[in-house]
There are 2 protein chains.
Amino acid sequence: MSERPAPPILGELRQKRPFASKAEEAVVTLFRTTDVIRRAGEAVVAPHGISAQQYNVLRILRGAGRKGLQTLEIAERLVERAPGITRLVDALEKKKLVERERCVEDRRVVWCRITKAGLALLATLDAPVTAHAERTMRKLSAADLNKLTAILDDIRIASA
Amino acid sequence: MSERPAPPILGELRQKRPFASKAEEAVVTLFRTTDVIRRAGEAVVAPHGISAQQYNVLRILRGAGRKGLQTLEIAERLVERAPGITRLVDALEKKKLVERERCVEDRRVVWCRITKAGLALLATLDAPVTAHAERTMRKLSAADLNKLTAILDDIRIASA
DNA sequence: CGATAATACTTGACATATCAACTAATGTGC
DNA sequence: GCACATTAGTTGATATGTCAAGTATTATCG
């Protein structure tokens with residue numbers, strides 16, 4: 001008789017009942033783990049007056065370079081989807097981290113660009129953000145880190 | 001020269017630049033994957049008039065049995081933390097899925113219990129929710145499923 | 001060319017999330 | 001038993017998320 005140890009997540013959530021399946025256990029564990037990491041990540045950027053989503057927008061716009069990106073293109077590239085992209089960019093514009101310009105050739109389009117101030121803010125955040133990721137994953141071997149990413153990719157491919 | 005293939009997440013987010021580190025790639029992949037799964041999960045429960053968080057509260061209260069749980073105890077057991085537990089339970093009470101009662105012995109405490117209607121709702125959701133988890137993880141081998149959970153547990157332990 | 005459709009946002013309404021005060025009740029030390 | 005801290009929860013202010021509907025502009029088809 002092999003007594004399997006109870007999943008750690010059960011104790012963490014003070015649950016006694018086992019999960020209906022391994023799949024459910026994995027999903028709950030995934031949610032929980034991501035929540036923990038996200039909160040820690042928000043704590044990194046929040047003192048600088050922006051949310052994690054706003055940080056993501058800034059990074060996307062930095063990557064886009066001079067020309068910038070159309071509003072809805074930003075939305076498509078967000079790690080975590082946000083239907084309220086207009087107001088997300090509104091907030092960044094109010095903070096002067098992003099600027100917008102109506103396109104002349106196609107007046108439906110609005111081009112968004114990161115400002116100097118936005119780039120400066122990102123520059124100060126690069127190291128802390130990378131450090132946070134390293135800290136989060138520090139206990140994993142290189143093999144496990146690759147394995148984790150590969151498994152997550154498999155999950156997304158299957159759900160497409 | 002081994003040409004490594006670009007990480008799938010890069011194409012998905014239309015990014016050209018590689019990540020600063022494997023750790024950052026893993027974190028972004030984790031966020032993205034969880035976002036995809038969460039949205040699909042919300043689509044399962046939303047038609048029944050509740051959010052994923054509210055569903056989580058109901059499951060916690062079902063697990064707690066007759067006596068119910070004190071308000072803040074629910075908050076501690078949530079998979080994804082919610083500081084606004086009062087209003088979360090408010091919403092469920094308004095829908096008659098949960099009932100509350102001020103404790104007589106310690107009048108600071110409020111006991112929360114799931115109602116018959118709450119149990120009935122959960123009963124109809126059990127199968128679809130389990131199905132969603134199975135569907136999400138269907139492409140993973142049993143070994144990979146265990147590996148995923150184990151790696152995620154390691155991450156949380158390290159960040160404690 | 002003119003009607004219709006499609007695109008690219010924007011806005012309004014409402015649900016949630018977050019944080020910091022605040023209230024009420026209980027526990028603790030002197 | 002009284003001041004003070006602690007606990008349990010609530011409330012207010014503000015930000016963010018979400019969906020549906022609306023506006024302006026461009027594309028398409030007969």
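Small disclaimer: the values here were computed from a predicted structure and weren't measured. Below, chain A is the first sequence line, B the second, and so on; all start at residue 1.
- Within 6.0 Å of CZ in A:Arg102 there are more than 12 heavy atoms belonging to other residues, nucleotides or ligands.
- Side-chain nitrogen and oxygen atoms of B:Arg39 include none within less than 4.0 Å of the OP1 or OP2 phosphate oxygen of D:dC19.
- Distance from the side chain of A:Ala91 is smallest for D:dT16 among the nucleotides C:dA24, D:dA27, D:dT16.
- In this structure, CG of A:Leu78 is placed 10 Å from P of D:dG17, rounded to the nearest angstrom.
- Between A:Arg107 and the phosphate of D:dT25, there is a side-chain N or O to OP1/OP2 separation shorter than 4.0 Å.
- The side chain to side chain contact (heavy atoms under 4.5 Å, CB included) test with A:Lys22 is passed by exactly one of B:Thr149, B:Leu145, B:Leu148: B:Leu145.
- If you measure from atom CG of B:Asp90 to atom C1' of D:dT11, you get 10 Å, rounded to the nearest angstrom.
- The nucleotide whose nearest atom lies closest to any side-chain atom of A:Val110 is, among D:dT10, C:dT16, C:dT10, C:dT10.
- For NZ of B:Lys95, the number of neighbouring non-hydrogen atoms (other residues, nucleotides, ligands) closer than 6.0 Å is greater than 12.
- Counting any heavy atom pair closer than 4.0 Å across all strands shown, B:Glu105 reaches sugar-phosphate atoms only and no base atom.
- Residue contacts shown for A:Glu80 are absent, as no nucleic acid heavy atom lies under 4.0 Å away.
- Residue B:Leu72 contributes atom CG, which lies 16 Å from atom P of C:dA25 at whole-angstrom precision.
- When each of D:dA24, C:dT16, C:dT18 is scored by its nearest atom to the side-chain atoms of B:Pro83, the top-ranked nucleotide is C:dT18.
- Residue B:Arg102 is classed as having no contact, given no heavy-atom separation below 4.0 Å to the nucleic acid.
- Backbone-only contact: A:Thr71 has heavy atoms under 4.0 Å from sugar-phosphate atoms and none from a base.
- Distance B:Arg87 CZ to C:dC19 P: 13 Å, rounded to the nearest Å.
- Protein atom CD of B:Gln70 is 8 Å distant from nucleotide atom C1' of D:dA8, rounded to whole Å.
- Under 4.0 angstrom from either OP1 or OP2 of C:dC9 there lies no side-chain N or O belonging to A:Thr86.
- Per the geometry, CG belonging to A:Asp106 stands 7 Å off P belonging to C:dA8, to the nearest Å.
- Atom CG in A:Asn56 sits roughly 15 Å away from atom C1' in D:dG17 (whole-Å rounding).
- At the heavy-atom level, A:Gln54 lies under 4.0 Å from the strands shown only through sugar-phosphate atoms.
- Put simply, CD on A:Gln53 is 14 Å from P on C:dA17, counting in whole angstrom units.
- Under the 3.5 Å distance criterion, with hydrogens and angles disregarded, no donor-acceptor pair is assigned to the side chains of B:Glu42 and B:Ser51.
- Other residues, nucleotides and ligands place no more than 12 heavy atoms under 6.0 Å from the CZ atom of B:Arg107.
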